[in-house]
Amino acid sequence: MSTRGERISEQRLQKLNNIRAMGIDPYPPRFKRTHTARQTIDLLGQQEKESKSEQVTVTVAGRVMANRSMGKVSFLDLRDESGKIQLMVGKDRIKEADFNLFKELDIGDFIGATGKVFRTRSKEPTIEVNSLTLLAKSLQALPEKWHGLSDVEIRYRQRYLDLISNEEVRKTFRLRSNIINNVRQFLDGRGFIEVETPILWPDAGGATAKPFITHHNALDRDLYLRIATELHLKRLLIGGFEKVYELGRIFRNEGIDATHNPEFTTLESYEAYADYNEVMKMVEEMVSTLAQQVLGTTAIEFAGTKIELKPPWQRISLREAITQHSGIDFVQYPNAEMLRSKMREKGIEVDPQKNWAHLVDDLLSTFVEPKLLQPVFLVDYPASLSPLAKRKPGEARVVERFEAFAGGMEIANAFTELNDPLEQRERFLQQARERQQHDVEETVDEDFLLALEHGMPPAGGLGVGIDRLVMLFTNNQSIREVILFPQLKEKGE
RNA sequence: GGGCCGUUAGCUCAUCUGGCAGAGCACCUGACUUUUAAUCAGGUGGUGGCAGGUUCGAGUCCUGCACGGCCUACCA
């Protein structure tokens, strides 16, 4: 790593000193603007529409993005969050002190400017600056103005540069905020309440991912970062809340790739007296409503494919979908041994360690998932794949569960929740036995079972991967494009 | 974990088979009072990711490492 002295250019430091020598604070604490760039342009348009001749004075603030100097007059592009406005600085139209300051400015500096709004010969809305204030001196050069910043590593490690340089990226994260906002509105409008449950907890349950582990010093006890919010939200159903949801970060100590970040955002919702059919309706309605409100259409494009999100979405059983796309009806091969040899017969490489449920999951992710571009619900999963879901009446090996897919990605997972505490214990134990074969530590969450023993109403539960939803809506194929600061390895010396 | 590709100025990129490391933007100096990728003239800026090796000579060839991307595997 270079030292501060090496990293900062001598030229910029010299300018900073020059500015200080003029008695100017290069980092003043506050500044009042009267208009944003957008408002200034709108104001000018309004003036012209009403044929008003007198010029209006505005004060704006923002970052200098370009400086076109013509000698006695210069044109600056000033950018704020609303957009860009041109400033004109004329040597004869500004105080000498301000002009001296102007000469020490660089692209990247934040400035405030006051002046009359007019249009140049080439019709560009412009502020004729009569007063200039430095708001923050920049000591580092910005990325190139024409090609911008494209080095993916710098884009992620120094996201602020990415945001400065790439309008599309700014759009993506505004849209992300908008999506989350609309999710809240949608659920609040249906009478759900938003809750917050612990991130740190002695058990990591509700899914089977590897957890992060940390330590509480005062309690002298290890705690896990949650891998799901499910078990706490169910405790709230037991407590008498009938519609709850949580939007929040969960953490899984696993691989990082284009669709996995160690921390990611999920929505989980639980609705008493609803079943998975009703949750399905809610999901298709929620996603299409979101698209309509955030994008203005339910017809989106993802990875070069047009996707129509308008309900109703297709519903097809997992068994049917896998049979259709892989030619293997897993019901005909009811144990790992049989399914494995059938898969081998089809020329599929099979990990001999995997149990039956894993093999079914393999068939799903290999043959089916990539084909599910249009939104679809796969319904009725094998019980062994879903320890928290209620069995379907009359079909002992199947649970009332669905996963929603779009753009070839899983975007939601839901079931009619298992509320029989004795069966839940059995299913946990069954799962623990299977895990132990694979050397995975697993404990039964006794605290949750105790809660369940007090009675949980029948309910429909839902989990939505918010990051993937944002990927879908913003046509991004990497999760890192929708997470502001994605996890990266530490950069070496 | 495996495979392929990448890493050269602050940024975007060149640098044919090994032979003095370049351009554009940014920055500096000068000219220019309506430019907008301003223009024109001149200039500063490099441990070529890191560490070794081969060679008279390495950005270029070889080995190892780091980081990143894609693919693949793993991870419900």
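Proteins come first, then strands; the chains are lettered A, B, ... in the order of their sequence lines, and each starts at number 1. Note that this is a predicted model, so its numbers are computed, not measured.
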Q: Could you state the atom-to-atom distance from CG of Asp257(A) to P of A76(B) in whole Å?
A: 13 Å
Q. With sugar-phosphate meaning primed atoms plus P, OP1 and OP2, does Arg401(A) contact a base, only sugar-phosphate, or nothing at under 4.0 Å between heavy atoms?
A. nothing
Q: Take atom OH of Tyr160(A) and atom P of G10(B), then tell me their distance rounded to the nearest Å.
A: 15 Å
(Q) Counting the atoms with a prime plus P, OP1 and OP2 as sugar-phosphate, which does Leu161(A) contact under 4.0 Å by heavy atoms, base, sugar-phosphate, or nothing? (A) nothing
**Q.** Between CH2 on residue Trp201(A) and CG on residue Asp445(A), distance to nearest 0.5 Å
**A.** 8.5 Å
**Q.** Watson-Crick or G-U counterpart of G46(B), or none if no pair lies under 3.5 Å
**A.** none
Q. Within the structure shown, what part of the strands sits under 4.0 Å from Asp151(A) by heavy-atom distance: base, sugar-phosphate, or nothing?
A. sugar-phosphate
Q.
Need the pair for A21(B). Rule: Watson-Crick or G-U wobble, both distances under 3.5 Å, any strand; none if unpaired.
A. none
(Q) Heavy atoms from C-beta onward define the side chain here; which of C27(B), A76(B), U35(B) lies closest to that of Ile107(A)? (A) C27(B)
(Q) From the set A37(B), C11(B), U33(B), return the single nucleotide nearest to any side-chain atom of Glu144(A). (A) C11(B)
Q) Considering only the C1' atoms, how many Å lie between G52(B) and U47(B), rounded to the nearest integer? A) 15 Å
**Q.** Base partner of C74(B), which must satisfy Watson-Crick or wobble distances under 3.5 Å
**A.** none
Q: Using atom CG of Leu139(A) as one end and atom C1' of C27(B) as the other, report the distance to the nearest whole Å.
A: 14 Å
Q: Kindly point out which of C27(B), G68(B), U35(B) is positioned nearest to the side chain of Lys15(A)?
A: C27(B)
Q: Tell me what Gln86(A) touches on the nucleic acid: a base, only sugar-phosphate, or nothing, going by heavy atoms under 4.0 Å.
A: base
Q) So does Asp77(A) pair up with Arg68(A), basic N to acidic O under 4.0 Å? A) yes
Q: Please confirm whether any donor atom in the side chain of Arg68(A) sits under 3.5 Å from an acceptor in the base of U39(B), or the reverse.
A: no
Q. Using a cut-off of 4.0 Å on non-hydrogen atoms, how would the nucleic acid contact of Arg93(A) be classed: base, sugar-phosphate, or nothing?
A. base
Q: Quickly work out the Glu124(A) CD to A37(B) C1' distance and round it to whole Å.
A: 14 Å
(Q) Measure CD1/Ile154(A) against P/G69(B) and give the value in whole Å, please. (A) 13 Å
Q: Tell me which of Ser69(A) and Met88(A) sits closer to the 5' end of RNA chain B, going by the nucleotide each one is nearest to.
A: Met88(A)
Q: Mind calculating the distance between CD (Glu128(A)) and C1' (U35(B)) to the nearest angstrom?
A: 14 Å
Q) Are Glu337(A) and Trp356(A) close enough that some pair of their side-chain heavy atoms sits under 4.5 Å apart? A) no
Q) Contact class for Gly148(A) (heavy atom, under 4.0 Å): base, sugar-phosphate, or nothing? A) sugar-phosphate
Q: Answer yes or no: is there an ion pair linking Lys52(A) with Glu54(A), defined by an N-O contact shorter than 4.0 Å?
A: no
Q) Where the side chain of Arg12(A) is concerned, which of C75(B), G24(B), C27(B) is the nearest nucleotide? A) C27(B)
Q) Quick one: which of U34(B), G69(B), U12(B) gets closest to the side chain of Leu149(A)? A) U12(B)
Q) Contact class for Arg157(A) (heavy atom, under 4.0 Å): base, sugar-phosphate, or nothing? A) sugar-phosphate
Q. Is there a donor and acceptor pair, one atom on the side chain of Ser150(A) and one on the base of U12(B), closer than 3.5 Å?
A. no
**Q.** U54(B) and U12(B), which share atom name P, separated by this distance in whole Å
**A.** 35 Å
Q: Assess the side chains of Asp257(A) and His260(A): does a donor N or O sit below 3.5 Å from an acceptor N or O?
A: yes
Q. Do Arg252(A) side-chain atoms and Ala228(A) backbone N/O form a donor-acceptor pair below 3.5 Å?
A. no
**Q.** Between C27(B) (P) and Gln14(A) (CD): distance, integer Å
**A.** 16 Å
Q: Report the distance from atom NE2 of His147(A) to atom P of A9(B), rounded to the nearest whole Å.
A: 16 Å
Q: Among C75(B), G68(B), U34(B), find the nucleotide with the atom closest to the side chain of His260(A).
A: C75(B)
Q) Gln14(A) and Asn18(A): side-chain donor and acceptor closer than 3.5 Å? A) yes
Q: Please determine, for U60(B), whether a Watson-Crick or G-U wobble partner exists with both distances under 3.5 Å, and give it or none.
A: none
Q.
Over all strands shown, is Pro387(A) touching base, sugar-phosphate only, or nothing at heavy-atom distances under 4.0 angstrom?
A. base
